[in-house]
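Because only heavy atoms are used, hydrogens play no part in the values below, and waters and symmetry mates are left out as well, while side chains stay in. Here the structure is a predicted model, which means the values were calculated and not measured. Order of the sequence lines fixes the chain letters, A, B, ..., with proteins taken first and strands second; residue numbering starts at 1 for each chain.
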Amino acid sequence: NAGVTQTPKFQVLKTGQSMTLQCAQDMNHEYMSWYRQDPGMGLRLIHYSVGAGITDQGEVPNGYNVSRSTTEDFPLRLLSAAPSQTSVYFCASSYVFTGSGANVLTFGAGSRLTVL
Amino acid sequence: GQQVMQIPQYQHVQEGEDFTTYCNSSTTLSNIQWYKQRPGGHPVFLIQLVKSGEVKKQKRLTFQFGEAKKNSSLHITATQTTDVGTYFCAADRGSTLGRLYFGRGTQLTVWP
(Lines give C-alpha, C1' and ligand atoms only; values in the text may rest on other atoms or scores of the structure.)
Protein backbone atom coordinates (compact mmCIF):
# COMPACT_ATOMS: atom_id res chain seq x y z
CA ASN A 1 0.00 0.00 0.00
CA ALA A 2 1.90 3.06 -1.27
CA GLY A 3 -0.34 5.77 0.22
CA VAL A 4 0.26 9.14 -1.44
CA THR A 5 2.99 9.28 -4.06
CA GLN A 6 4.44 12.55 -5.31
CA THR A 7 6.81 13.06 -8.20
CA PRO A 8 9.29 14.55 -8.75
CA LYS A 9 10.98 14.92 -5.34
CA PHE A 10 13.17 17.76 -6.57
CA GLN A 11 12.89 20.11 -9.55
CA VAL A 12 14.71 23.23 -10.70
CA LEU A 13 12.96 25.48 -13.19
CA LYS A 14 13.75 28.71 -14.94
CA THR A 15 11.35 31.62 -14.70
CA GLY A 16 8.57 31.24 -17.24
CA GLN A 17 8.83 27.48 -17.63
CA SER A 18 5.84 25.29 -16.97
CA MET A 19 5.69 21.95 -15.23
CA THR A 20 3.36 19.50 -13.54
CA LEU A 21 3.74 18.01 -10.09
CA GLN A 22 2.17 14.59 -9.97
CA CYS A 23 0.18 13.16 -7.07
CA ALA A 24 -1.39 9.72 -6.88
CA GLN A 25 -3.10 7.90 -4.01
CA ASP A 26 -4.19 4.29 -3.80
CA MET A 27 -6.50 4.55 -0.76
CA ASN A 28 -9.66 5.45 -2.70
CA HIS A 29 -9.79 8.80 -0.90
CA GLU A 30 -12.38 11.25 -2.18
CA TYR A 31 -10.57 14.35 -0.97
CA MET A 32 -7.22 15.45 -2.40
CA SER A 33 -5.37 18.70 -1.89
CA TRP A 34 -2.17 20.57 -2.58
CA TYR A 35 -0.29 22.66 -0.02
CA ARG A 36 2.80 24.75 -0.24
CA GLN A 37 5.11 25.18 2.73
CA ASP A 38 7.35 28.18 3.15
CA PRO A 39 9.44 29.04 6.23
CA GLY A 40 7.32 30.63 8.94
CA MET A 41 4.13 30.37 6.87
CA GLY A 42 2.99 26.89 7.74
CA LEU A 43 0.94 24.91 5.24
CA ARG A 44 -1.08 26.97 2.80
CA LEU A 45 -3.79 25.37 0.73
CA ILE A 46 -3.48 25.88 -3.03
CA HIS A 47 -6.30 23.80 -4.51
CA TYR A 48 -8.44 20.91 -3.38
CA SER A 49 -10.91 18.40 -4.75
CA VAL A 50 -13.71 16.43 -3.11
CA GLY A 51 -14.07 14.00 -5.99
CA ALA A 52 -13.42 13.33 -9.65
CA GLY A 53 -14.45 16.28 -11.78
CA ILE A 54 -14.68 18.67 -8.81
CA THR A 55 -11.98 21.16 -7.85
CA ASP A 56 -11.91 24.36 -5.84
CA GLN A 57 -9.47 27.08 -4.86
CA GLY A 58 -7.70 27.32 -1.54
CA GLU A 59 -5.86 30.26 0.00
CA VAL A 60 -3.13 30.74 -2.63
CA PRO A 61 -4.39 29.47 -6.02
CA ASN A 62 -2.86 32.08 -8.34
CA GLY A 63 -0.37 30.67 -10.83
CA TYR A 64 -1.52 27.08 -10.35
CA ASN A 65 -4.01 24.84 -12.13
CA VAL A 66 -5.44 21.48 -11.12
CA SER A 67 -7.74 18.87 -12.57
CA ARG A 68 -9.23 15.67 -11.16
CA SER A 69 -10.13 13.27 -13.93
CA THR A 70 -9.80 10.17 -11.75
CA THR A 71 -10.16 9.43 -8.04
CA GLU A 72 -6.48 8.44 -7.82
CA ASP A 73 -4.70 11.37 -9.48
CA PHE A 74 -4.53 15.09 -8.73
CA PRO A 75 -1.79 16.85 -10.71
CA LEU A 76 -0.73 20.42 -9.97
CA ARG A 77 0.33 22.53 -12.93
CA LEU A 78 2.52 25.60 -12.77
CA LEU A 79 1.63 27.62 -15.84
CA SER A 80 4.57 30.05 -15.93
CA ALA A 81 6.94 29.53 -13.03
CA ALA A 82 8.04 32.50 -10.93
CA PRO A 83 10.71 32.72 -8.20
CA SER A 84 7.88 33.30 -5.68
CA GLN A 85 6.77 29.73 -6.36
CA THR A 86 9.99 28.34 -4.93
CA SER A 87 8.66 26.17 -2.14
CA VAL A 88 8.05 22.67 -0.86
CA TYR A 89 4.78 21.25 -2.17
CA PHE A 90 2.77 18.59 -0.40
CA CYS A 91 -0.12 16.58 -1.74
CA ALA A 92 -2.54 15.18 0.84
CA SER A 93 -5.67 13.05 0.70
CA SER A 94 -8.42 11.83 3.00
CA TYR A 95 -11.78 10.17 3.21
CA VAL A 96 -14.65 12.59 3.55
CA PHE A 97 -17.40 11.84 6.00
CA THR A 98 -18.84 13.32 9.16
CA GLY A 99 -18.01 12.30 12.67
CA SER A 100 -14.98 10.85 14.35
CA GLY A 101 -12.16 10.01 11.99
CA ALA A 102 -13.33 12.45 9.37
CA ASN A 103 -10.90 14.21 7.08
CA VAL A 104 -7.66 12.82 8.52
CA LEU A 105 -5.01 13.71 5.97
CA THR A 106 -2.31 11.43 4.59
CA PHE A 107 0.54 13.45 3.12
CA GLY A 108 2.95 12.62 0.36
CA ALA A 109 6.69 12.98 0.91
CA GLY A 110 6.80 16.38 -0.77
CA SER A 111 8.27 17.98 -3.88
CA ARG A 112 10.94 20.63 -3.49
CA LEU A 113 10.74 23.18 -6.29
CA THR A 114 13.28 25.89 -7.03
CA VAL A 115 12.55 28.57 -9.61
CA LEU A 116 15.55 30.56 -10.79
CA GLY B 1 -6.67 36.09 7.06
CA GLN B 2 -5.36 33.51 9.45
CA GLN B 3 -8.20 31.18 10.34
CA VAL B 4 -6.41 29.35 13.11
CA MET B 5 -3.87 31.02 15.36
CA GLN B 6 -1.11 28.83 16.74
CA ILE B 7 1.46 29.92 19.30
CA PRO B 8 4.31 30.02 19.92
CA GLN B 9 5.98 29.92 16.52
CA TYR B 10 9.23 28.59 17.98
CA GLN B 11 10.12 26.87 21.23
CA HIS B 12 13.56 25.85 22.40
CA VAL B 13 13.74 23.59 25.45
CA GLN B 14 16.31 21.49 27.21
CA GLU B 15 15.71 17.78 27.21
CA GLY B 16 13.45 16.87 30.12
CA GLU B 17 11.55 20.17 30.13
CA ASP B 18 7.88 20.35 29.23
CA PHE B 19 6.47 21.90 26.06
CA THR B 20 3.04 23.25 25.14
CA THR B 21 1.62 24.64 21.92
CA TYR B 22 -1.77 26.30 21.63
CA CYS B 23 -4.32 26.71 18.86
CA ASN B 24 -7.20 29.18 18.81
CA SER B 25 -10.07 29.67 16.40
CA SER B 26 -12.60 32.48 16.28
CA THR B 27 -15.30 30.01 15.22
CA THR B 28 -16.60 26.79 16.75
CA LEU B 29 -14.93 23.76 15.27
CA SER B 30 -16.28 20.40 14.23
CA ASN B 31 -13.03 18.76 15.25
CA ILE B 32 -9.34 19.54 15.52
CA GLN B 33 -6.38 17.45 14.47
CA TRP B 34 -2.70 17.54 15.35
CA TYR B 35 0.17 16.66 13.02
CA LYS B 36 3.92 16.35 13.51
CA GLN B 37 6.51 17.09 10.87
CA ARG B 38 10.06 15.94 11.48
CA PRO B 39 12.84 18.06 9.92
CA GLY B 40 12.97 17.30 6.20
CA GLY B 41 9.85 15.16 6.41
CA HIS B 42 6.16 15.45 5.77
CA PRO B 43 3.32 16.06 8.24
CA VAL B 44 2.08 12.93 9.97
CA PHE B 45 -1.26 12.65 11.74
CA LEU B 46 -1.07 12.36 15.52
CA ILE B 47 -4.61 12.62 16.86
CA GLN B 48 -8.09 13.99 16.34
CA LEU B 49 -10.30 15.59 19.00
CA VAL B 50 -14.03 15.74 18.43
CA LYS B 51 -15.88 16.25 21.71
CA SER B 52 -16.11 19.37 23.83
CA GLY B 53 -13.59 19.21 26.68
CA GLU B 54 -11.99 16.07 25.29
CA VAL B 55 -8.57 15.05 26.62
CA LYS B 56 -6.49 12.34 24.97
CA LYS B 57 -3.07 11.00 25.86
CA GLN B 58 -0.37 9.31 23.82
CA LYS B 59 2.47 8.37 26.17
CA ARG B 60 4.06 11.76 27.07
CA LEU B 61 1.73 13.76 24.81
CA THR B 62 -1.55 15.20 26.13
CA PHE B 63 -4.08 16.76 23.79
CA GLN B 64 -6.99 18.91 24.92
CA PHE B 65 -10.02 20.35 23.16
CA GLY B 66 -11.67 23.35 24.79
CA GLU B 67 -15.17 23.31 26.21
CA ALA B 68 -16.33 25.78 23.55
CA LYS B 69 -14.56 23.78 20.81
CA LYS B 70 -12.62 26.88 19.78
CA ASN B 71 -9.19 26.08 21.18
CA SER B 72 -6.86 23.19 21.68
CA SER B 73 -3.46 22.43 23.15
CA LEU B 74 -0.72 19.85 22.86
CA HIS B 75 1.48 19.31 25.90
CA ILE B 76 4.61 17.17 25.92
CA THR B 77 5.93 16.10 29.31
CA ALA B 78 9.68 15.65 29.75
CA THR B 79 10.71 16.29 26.16
CA GLN B 80 13.20 14.05 24.41
CA THR B 81 15.37 14.72 21.38
CA THR B 82 13.01 12.52 19.36
CA ASP B 83 10.27 15.14 19.91
CA VAL B 84 12.08 17.61 17.65
CA GLY B 85 9.95 18.86 14.77
CA THR B 86 7.10 21.16 13.90
CA TYR B 87 3.68 20.55 15.40
CA PHE B 88 0.62 21.72 13.49
CA CYS B 89 -2.97 21.96 14.50
CA ALA B 90 -5.58 21.59 11.77
CA ALA B 91 -9.14 22.75 12.28
CA ASP B 92 -12.22 21.26 10.68
CA ARG B 93 -14.87 23.97 10.68
CA GLY B 94 -17.45 21.62 9.25
CA SER B 95 -18.40 24.22 6.66
CA THR B 96 -16.48 23.00 3.62
CA LEU B 97 -16.42 19.29 2.91
CA GLY B 98 -13.00 17.86 3.67
CA ARG B 99 -11.18 21.15 4.08
CA LEU B 100 -8.87 21.70 7.05
CA TYR B 101 -7.45 25.01 8.22
CA PHE B 102 -3.85 24.67 9.42
CA GLY B 103 -2.14 26.76 12.05
CA ARG B 104 1.33 28.03 11.18
CA GLY B 105 2.93 25.44 13.39
CA THR B 106 5.24 25.45 16.40
CA GLN B 107 8.82 24.46 15.70
CA LEU B 108 10.25 22.60 18.68
CA THR B 109 13.99 22.32 19.27
CA VAL B 110 15.25 20.11 22.08
CA TRP B 111 18.77 20.52 23.43
CA PRO B 112 20.34 17.36 24.82
Participant: For A:Leu105, is it the side chain, the backbone, both or neither that has a heavy atom under 4.5 Å from a heavy atom of chain B?
Facilitator: both
Participant: Is the count of non-hydrogen atoms from other residues, nucleotides or ligands lying under 6.0 Å from B:Tyr22 atom OH greater than 12?
Facilitator: no
Participant: B:Phe45 and A:Tyr48: same hydrophobic cluster, using ILVMFWY side-chain contacts below 4.5 Å?
Facilitator: yes
Participant: Look at atom CZ of A:Arg112 and say whether more than 12 heavy atoms of other residues, nucleotides or ligands are closer to it than 6.0 Å.
Facilitator: no
Participant: Is the shortest side-chain heavy-atom distance between B:Gln33 and A:Asn103 below 4.5 Å?
Facilitator: yes
Participant: Taking a hydrophobic cluster as the set of Ile, Leu, Val, Met, Phe, Trp and Tyr residues connected by side-chain heavy atoms closer than 4.5 Å, whether directly or through intermediates, do A:Trp34 and A:Val4 fall within one such cluster?
Facilitator: no
Participant: Measuring heavy-atom distances to chain B, does A:Tyr31 have an atom under 4.5 Å in its side chain, in its backbone, in both, or in neither?
Facilitator: side chain
Participant: I'd like to know if B:Leu100 and B:Leu29 are part of one continuous hydrophobic network [Ile/Leu/Val/Met/Phe/Trp/Tyr, side-chain heavy atoms within less than 4.5 Å].
Facilitator: no
Participant: Do A:Phe107 and A:Tyr89 share a hydrophobic cluster (ILVMFWY, side-chain heavy atoms under 4.5 Å, transitive)?
Facilitator: no
Participant: Rounded to the nearest 0.5 Å, how far does NE2 of B:His42 lie from OH of A:Tyr35?
Facilitator: 14.0 Å
Participant: In terms of heavy-atom proximity below 4.5 Å to chain A, should B:Tyr35 be classed as side chain, backbone, both, or neither?
Facilitator: side chain
Participant: Based on non-hydrogen pairs under 4.5 Å, which of B:Gln9, B:Gln107, B:Arg99 is most in contact with chain A?
Facilitator: B:Arg99
Participant: Enter the distance from B:Phe88:CZ to A:Leu43:CG here, rounded to the nearest 0.5 Å.
Facilitator: 4.5 Å
Participant: Find the distance between CZ (B:Phe102) and CE (A:Met41) and round it off to the nearest 0.5 Å.
Facilitator: 15.0 Å
